[in-house]
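Report on the following structure.
As a basis for the values below, the full set of heavy atoms in this structure was taken, side chains included, without hydrogen atoms, waters or symmetry mates. First listed ligand is number 1; within each ligand, the first listed atom is number 1. Residue numbers start at 1 and run along the sequence shown.
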Amino acid sequence: MPDAVVNFSLLQRTCSLVVVLCFLHISVTLIYYMRNSDSRKAFVQNQQTPQMHRKLTEQKVTTEDIRLNRLSSVTNITETERKLETCPDNPPHLVGPLRVEFSDPVTLDLVRSDNSVLQPGGRFKPRDCIAQQKVAMIIPFRNRDEHLKYWLYYLHPILQRQELDYGVYIINQAESSDADSVAGEETFNRAKLLNIGYAEALKEYDYDCFVFSDVDLIPMDDRNFYKCYSQPRHLSVSMDKFGFRLPYTQYFGGVSSLSKEQFLKINGFPNNYWGWGGEDDDIFNRVASKGMTISRPDAIIGRCRMIRHERDRQNDPNPQRFDRIAHTRETMGKDGINSLTYTVVKVEKDQLFTKITVDVGKP
Ligand code: BGN
């Protein structure tokens, strides 16, 4: 074979080898680069501070939220709520003993501006956790705007620190349209107003606990939880008016709480106590007759102040109360939430409360 032909064939083979080597080199470089870029991403992720990580997760939750919020109208639970934990037994923002004074100048506008977190109707839910209980605050009411102002001023911040999912319901006994009634007023019926509060609050939300509070009683310690317990709870156990102790062991007046189940077990409250006194003793009898006991905070945590006032018009002591409380066991089955009748006259939604004016009828 001529030399030139041999040389050409050698050159051709060398060139092919070089091309193959180049191809191999490029392939290895490419594979190496792609692998490296994956691990670089992992490195960046591991270097995030907890804040950066949270921010990224939050961003993810937000987009998820938008998607799931559409579904929430059906389930009533948002994705954000589903991700939150149940609020703790000891909420972190409680402060303990509180200064309670009724000489401080307070206006409803001031209370409104201090409570911009509220939803219309005096509704609140904790932002960072899911409340343990859904609590309706029921206040029987007539002509006590001055007291209500202080109740709202002191209670809203306390209930928020207690991390409750709550709503405030003012059950206002309507003036009578009767020409001959005194100053347009009928006799006050506290227990019937409480029954109405229970029924009306449940029409609005799936409450599982009911706190029944007089409008003039303010707790002096935020560790006195306005929620429900395994037994009906008496909350106003240590009132200034009674020298910071119980006036008698069976006393169940002022502020109390019952779960929906406990309330139904006693057929709610009596509807036929017109005027002052005895209805709270009847409720105590109902609770005792169903084998339940009264749960109470201690006398320090249970301290509370009452706003001093004259006895209201049309709320004279009820002369029938002695006879009525002697027969609770016989009457409670047919007089209670199962026999409640009333007419709603007006519903007003304030930022701080829902006020329901009702016609409770006459004695
Ligand atoms: C009691 C009243 C309660 C009232 C407390 C505290 C009666 C029933 C007849 C004995 N009970 O005497 O309704 O809450 O005082 O003021 O009057």
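Taking a 6.0 Å sphere around CD of Glu261, one finds it holds 12 or fewer heavy atoms contributed by other residues, nucleotides or ligands.
For atom 3 (C) of ligand 1, the nearest protein heavy atom (residue, atom name, distance) is Asp280 OD1, 3.3 Å. Nearest non-hydrogen protein atom to atom 5 (C) of ligand 1 is Tyr248 OH, 3.8 Å. Nearest protein heavy-atom neighbour of atom 8 (C) of ligand 1: Asp281 OD2, 3.2 Å. Residue, atom and distance of the protein heavy atom nearest to atom 17 (O) of ligand 1 are Arg321 NE, 2.6 Å.
The ring pair (Phe, Tyr, Trp, His ring centres under 6.0 Å) test with Tyr198 is passed by exactly one of Tyr207, Phe269, Phe210: Phe210.
Remark: among candidates Tyr251, Phe284, Phe322, Trp276, the nearest residue to atom 16 (O) of ligand 1 is Trp276, based on non-hydrogen atoms.
Taking the charged nitrogens against the carboxylate oxygens, Lys134 and Asp165 have no contact shorter than 4.0 Å, which rules out a salt bridge. Asp214 and Arg190 are joined by a salt bridge, as a carboxylate oxygen and a charged side-chain nitrogen come within less than 4.0 angstrom of each other.
Residue-ligand proximity, Gly277 to ligand 1, at heavy-atom distances under 4.0 Å covers atoms 13 (O). Contact atoms of ligand 1 toward Phe242: 6 (C), 16 (O) (distance under 4.0 Å to a heavy atom of the residue).
For a threshold of 3.5 Å applied to N or O pairs, the pair formed by Gly278 and ligand 1 contains at least one separation below that value.
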Can you check salt bridge (Lys or Arg N to Asp or Glu O under 4.0 Å) on Asp282 and Arg286, steps first, answer last? CA-CA 6 Å; Asp282 189 291; Arg286 287 173 182 239; 2.8 Å; yes

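No donor-acceptor distance shorter than 3.5 angstrom exists from the side chain of Asp216 to the backbone of His147, with no hydrogens or angles considered.
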